[in-house]
Each structure stands twice: as C-alpha cells, then as structure tokens.
Amino acid sequence: MNIQIIGTKKCKDTQKALRFFSERRVEVSFRDLAVKGLSSGEIRNIAVCVPVDELINKNSPLYEKKNLKYISHNVEDVLLEEPLLLKTPIVRAGKKSVSGLAPDVWADLISGNS
C-alpha cells in the first residue's frame, strides 16, 4: 500500500504521523507544503473523503492574518493560494484520505479495514 503524508516538517502532528508509520515499518512518501502545495485535482481527491471546509486550519495565525474569518471565500481557491493553511497532516492511502491527528484511522489504513 502506498501511503502519502502531506504536511510540513515543523508541524508537530505531521511529525507524529511520520513517527507512527516509521514505528510500524510502513514506507511513506512525504510532501512538504512549505516546498510545494497541492493542485486543485489533489484537493478535490482529498475532499472526497474529507469535506473541503474541514481541510482549512481555522486556528492558524495565517488564517487570522488574511482575515478569512470575516471574508467570504472559496476554500479550494484559498488552499491553492496558501497551502500552509491546510490542516495537517493529511494522510492518503489510495483513494482514502484523513486530515489531522488520527492514529486509529491510520492503523485501519495500514490493515486495510478502512
């Protein structure tokens, strides 16, 4: 199974996800959002499993700085412009995706139960 972890090296939850899979000797590919964001197609594929409104990190200082709390916006457009607003980590396994810290779901992804 091909596992992809999307996040940033500085994100504590992304580090926990990387450690989770490493401890279980599951090979993953890591994508650092600080280096390269997601395409609109990738966001739409993730949004099949995770509602697009839940992909944006509303607790981020960048969210406040851009006044997104008070301005109506298209979430996908905002995430394309500012990939660091994604709620990380995003763990993908095939067509399945999960956002945020979710070790129980990750374990299901590994075992194929999800």
Side-chain angles (χ1 to χ4, degrees):
M1 170 165 296
N2 190 12
I3 303 282
Q4 180 183 34
I5 299 176
I6 302 166
T8 63
K9 291 180 181 178
K10 292 182 179 182
C11 173
K12 297 293 182 195
D13 288 343
T14 299
Q15 291 171 4
K16 289 176 186 177
L18 290 166
R19 186 171 41 251
F20 176 90
F21 289 101
S22 174
E23 288 172 352
R24 286 154 184 81
R25 293 187 166 91
V26 175
E27 191 173 323
V28 300
S29 70
F30 174 68
R31 181 171 206 175
D32 191 345
L33 291 171
V35 176
K36 183 178 180 193
L38 299 178
S39 70
S40 61
E42 290 172 314
I43 291 173
R44 280 190 230 109
N45 286 338
I46 293 168
V48 169
C49 298
V50 181
V52 75
D53 288 339
E54 293 180 21
L55 287 176
I56 195 163
N57 184 356
K58 295 178 181 172
N59 296 323
S60 166
L62 185 56
Y63 187 83
E64 292 289 326
K65 181 180 177 185
K66 294 213 165 257
N67 289 323
L68 295 172
K69 188 176 189 178
Y70 306 106
I71 300 171
S72 74
H73 55 277
N74 178 311
V75 175
E76 185 179 333
D77 290 342
V78 170
L79 293 175
L80 286 171
E81 184 180 317
E82 292 290 347
L84 295 177
L85 279 172
L86 279 160
K87 187 184 294 183
T88 57
I90 297 171
V91 177
R92 297 174 70 189
K95 294 186 179 194
K96 298 172 184 162
S97 302
V98 62
S99 177
L101 192 62
D104 293 338
V105 178
W106 302 338
D108 286 344
L109 289 175
I110 293 171
S111 66
N113 294 335
S114 176

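Worth saying up front: this structure is predicted, and the values here are computed from it rather than measured. If you read the sequence from its start, that first residue is 1, and numbering goes on from there.
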How far apart are the closest heavy atoms of F30 and T8, and which atoms are they?
-> CZ-C, 3.9 Å
Looking at side-chain heavy atoms only, is the closest gap between F20 and V26 below 4.5 Å?
-> no
Straight-line distance of I90 CD1 to I5 CD1, nearest 0.5 Å = 11.5 Å
Is a donor on one side and an acceptor on the other found under 3.5 Å between the side chain of S99 and the backbone of L55?
-> no
L80 and S39 have their tightest heavy-atom pair at CD2-C, 3.7 Å
Kindly determine whether L33 and L38 satisfy side-chain contact (heavy atoms from CB on, under 4.5 Å), including the steps that lead there.
-> CA-CA 8 Å; L33 291 171; L38 299 178; 4.2 Å; yes
Which value, rounded to the nearest 0.5 Å, describes the distance between I46 atom CD1 and L86 atom CG?
-> 7.0 Å
Are L62 and I43 in one and the same hydrophobic cluster, where Ile, Leu, Val, Met, Phe, Trp and Tyr link if side-chain heavy atoms are under 4.5 Å apart?
-> yes
Over all heavy atoms of both residues, which pair between G7 and T88 is shortest? Give the atoms and the distance, please.
-> CA-CG2, 3.6 Å
Which value, rounded to the nearest 0.5 Å, describes the distance between K12 atom NZ and R19 atom CZ?
-> 9.0 Å
Is S111 reaching over with its side chain to a backbone N or O of A107, donor-acceptor style, under 3.5 angstrom?
-> yes
Please test L85 against Y63 for side-chain contact (heavy atoms from CB on, under 4.5 Å), starting from the C-alpha separation and ending with a verdict.
-> CA-CA 7 Å; L85 279 172; Y63 187 83; 3.8 Å; yes
Are V48 and V50 connected in a single hydrophobic cluster, I mean Ile/Leu/Val/Met/Phe/Trp/Tyr linked by side-chain heavy atoms less than 4.5 Å apart?
-> no
Ion pair R44/E76, N-O distance below 4.0 Å | yes
Is any NZ, NE, NH1 or NH2 atom of the basic residue among R31 and E42 found under 4.0 Å from an Asp or Glu carboxylate oxygen of the other?
-> yes
Interatomic distance, Q4 atom CD to S29 atom OG [nearest 0.5 angstrom] = 4.5 Å
Smallest separation among heavy atoms of I3 and E27, with atom names = CB-O, 4.1 Å
Heavy atoms of W106 and G100 approach each other most closely as CZ2-O, 3.5 Å
What distance separates I56 CD1 from E82 CD, expressed to the nearest 0.5 Å?
-> 9.5 Å
Under 3.5 Å donor-acceptor, Q15 side chain and K9 backbone | yes
Could you grab the distance from atom CD of E54 to atom SG of C49, nearest 0.5 Å is fine?
-> 12.0 Å
So which heavy atom on P89 is nearest to which on A17, and how close?
-> CG-CB, 3.8 Å
